[in-house]
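In each ligand, atom 1 is the first atom listed, and ligand 1 is the first ligand listed. We number each residue from 1, following the sequence as shown.
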Amino acid sequence: SVGIRRRLRRFFRRDGRALIFAMDHGFEHGPTDFEEHWEHVNPRIILRKVVRAGIDGVMMLPGIARIAGDEVKPNVGLMIKLTSKTNLRPKDEQLLQSQLGFVEDAVKLGADAIAATVYWGSPQEDVMMRQFAEIASYAHDLGFPVVQFAYPRGPYINEKYGRKEDYRVVMYGARAAAESGADMIKTYWTGSKETFAKVVDAAAGVPVLLSGGAKTENPVDFLKLVWDVIEAGGSGAVVGRNIFQRENPEPFIKALLRVIHRNEDPEEAAKA
Ligand code: FBP
């Protein structure tokens, strides 16, 4: 619908690419994720910095949007994620994301897009699939785009493929996300441009964005990774730790934006 297309444009620039800041870590990993740079546990402080640096969009859970959503200026896309899990459960019981908010909440909070995670391959895949279907069906009715964090994981994947980042697994997740009606997909890096290009192909035209991952010691390494994503046909990145765990996120965000939107060489972008 027109509503879905218009709202998607709040994230993507005319080049069809976006840099989105992710901040659901206080729930999904726990506040220890902020200990590298503790002032960023305050959502207002970090949001102010990322917005000032020119970020295209931000992603958060409903509660943080209630607390600090007014830091997200109208020209920045707001993505509200409705599912999560805590890190307090044993690892093998963390293969399910549950719903902690509803489409109505996201709409009331001023969301431009609604997100939910599916752990493809999890023993509880069925629950997340259904959860995603319900969210997507309702959000689409209201003209809101839906983002799927398509994260394959589970014991069978480990057994059969060795790692969840195997491109055959990641492209399966991306395809499943597209087939289940996602308007935007966020997934893992597969390790190479060539394999990530296959993930993009499998998504059949639905934009695929990189899920940032753990902070790289050398900032240039992360810029190079994002460069490869763009070269592979990816539509940008959703980045959390690589932004908020850095002492100085603003110049780093500006460098990321230059790589994504101006095809600037990562080494050059890091220097500027
Ligand atoms: P990062 O850029 O920090 O990896 O954030 C992206 C993200 O998907 C977050 O939204 C989420 O909290 C986290 O990664 C989940 O990571 P994992 O489940 O791999 O520990």
Side-chain angles (χ1 to χ4, degrees), residues 11 18-37 40-41 43 46-47 50 55-65 77-98 100-101 111 113-122 124-125 128 132 147-154 157-158 163-166 169-170 173-174 177 182 184-191 208-217 219 221-223 225-226 229 234 236-246 249 252-253 256 259-260:
F11 298 90
L19 176 64
I20 298 169
F21 174 58
M23 196 186 43
D24 58 339
H25 302 66
F27 193 107
E28 197 145 324
H29 288 169
T32 46
D33 259 24
F34 295 106
E35 280 184 329
E36 299 232 355
H37 198 62
H40 292 161
V41 77
I46 183 65
L47 281 173
V50 300
I55 202 94
D56 298 315
V58 296
M59 181 278 289
M60 59 189 72
L61 298 174
I64 296 294
L78 175 62
M79 185 188 297
I80 305 270
K81 186 179 173 227
L82 295 181
T83 67
S84 198
K85 54 107 186 120
T86 72
N87 215 355
L88 295 170
R89 279 191 274 179
K91 274 278 170 239
D92 58 354
E93 290 174 30
Q94 287 186 34
L95 289 167
L96 170 66
Q97 291 227 346
S98 314
L100 48 73
I114 295 165
T117 298
V118 179
Y119 293 146
W120 294 107
S122 154
Q124 314 205 64
E125 180 186 85
M128 287 171 281
F132 183 83
V147 184
Q148 187 177 116
F149 295 12
Y151 290 178
R153 58 180 69 172
I157 288 173
N158 296 339
R163 53 199 287 271
K164 64 186 183 355
E165 295 85 3
D166 184 301
V169 174
V170 177
M184 197 193 300
I185 297 166
K186 169 175 184 273
T187 195
Y188 314 132
W189 176 238
T190 50
V208 178
L209 284 82
L210 171 77
S211 183
K215 186 183 86 174
T216 62
E217 265 330 301
D221 290 342
F222 190 71
L223 295 172
L225 171 53
V226 171
V229 167
V238 185
V239 183
R241 286 164 286 177
N242 270 285
I243 290 177
F244 69 71
Q245 289 182 347
R246 286 191 203 281
F252 186 67
I253 291 169
L256 275 169
V259 170
I260 292 175

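Closest to atom 6 (C) of ligand 1 among all protein heavy atoms lies Lys186 NZ, 3.3 Å. With hydrogens left out, the protein atom closest to atom 20 (O) of ligand 1 is His29 NE2, 2.6 Å, a heavy atom. Of the protein's non-hydrogen atoms, His25 NE2, 3.0 Å is the one closest to atom 5 (O) of ligand 1. Looking only at heavy atoms of the protein, atom 19 (O) of ligand 1 is closest to Arg153 NH2, 3.2 Å. For atom 2 (O) of ligand 1, the nearest non-hydrogen atom of the protein is Gly240 N, 2.7 Å.
In this structure, Phe21 and Leu47 have side chains that are in contact, with non-hydrogen atoms separated by less than 4.5 Å. At least one side-chain heavy atom of His40 sits under 4.5 Å from a side-chain heavy atom of Pro249.
Closest heavy-atom approach to atom 1 (P) of ligand 1 among the candidates Gly213, Ala115, Ser84, Ala22: Gly213. Of all the listed residues (Gln245, Glu28, Arg241, Gln94), Arg241 holds the heavy atom that lies closest to atom 14 (O) of ligand 1.
In this structure, the side chain of Asp56 engages the main chain of Leu19 through a donor-acceptor pair within 3.5 Å. Between the side chain of Thr187 and the backbone N or O of Ala150 there is at least one donor-acceptor pair closer than 3.5 Å. At least one donor-acceptor pair closer than 3.5 Å links the side chain of Gln94 to the backbone N or O of Arg89. Although no hydrogens or angles enter the test, the distance criterion places a donor-acceptor pair under 3.5 Å between the side chain of Lys85 and the main chain of Glu28. With hydrogens and angles ignored, the 3.5 Å screen pairs no side-chain donor or acceptor of Tyr119 with any backbone N or O of Met128. Although no hydrogens or angles enter the test, the distance criterion places a donor-acceptor pair under 3.5 Å between the side chain of Gln245 and the main chain of Asp33. A donor-acceptor pair under 3.5 Å is formed between the side chain of Asn242 and the backbone N or O of Gly213.
At a 3.5 angstrom cut-off on N or O pairs, Ala214 does not count as close to ligand 1. In terms of polar-atom proximity, Asp24 is counted as a contact of ligand 1, with an N or O under 3.5 Å from an N or O of the ligand. Polar contact with ligand 1: present for Tyr151 (N/O pair, distance under 3.5 Å).
Distances below 4.0 Å separate heavy atoms of Gly212 from the following atoms of ligand 1: 2 (O), 4 (O). Listed by number with element, the atoms of ligand 1 under 4.0 angstrom from any heavy atom of Met59 are 10 (O).
Contact detail for Gln97 and Ser84: the closest heavy-atom pair is OE1-CA, 3.2 Å.
The shell of residues lying under 4.0 angstrom from ligand 1, judged by heavy atoms, excludes Tyr188. Distances from ligand 1 to the non-hydrogen atoms of Lys81 include no value under 4.0 Å. For Val239, the closest heavy-atom approach to ligand 1 falls below 4.0 Å. Under a 4.0 angstrom heavy-atom cut-off, Lys215 registers as lying outside contact with ligand 1. In this structure, Met23 does not count as a contact residue of ligand 1, since none of its heavy atoms falls inside 4.0 Å of the ligand.
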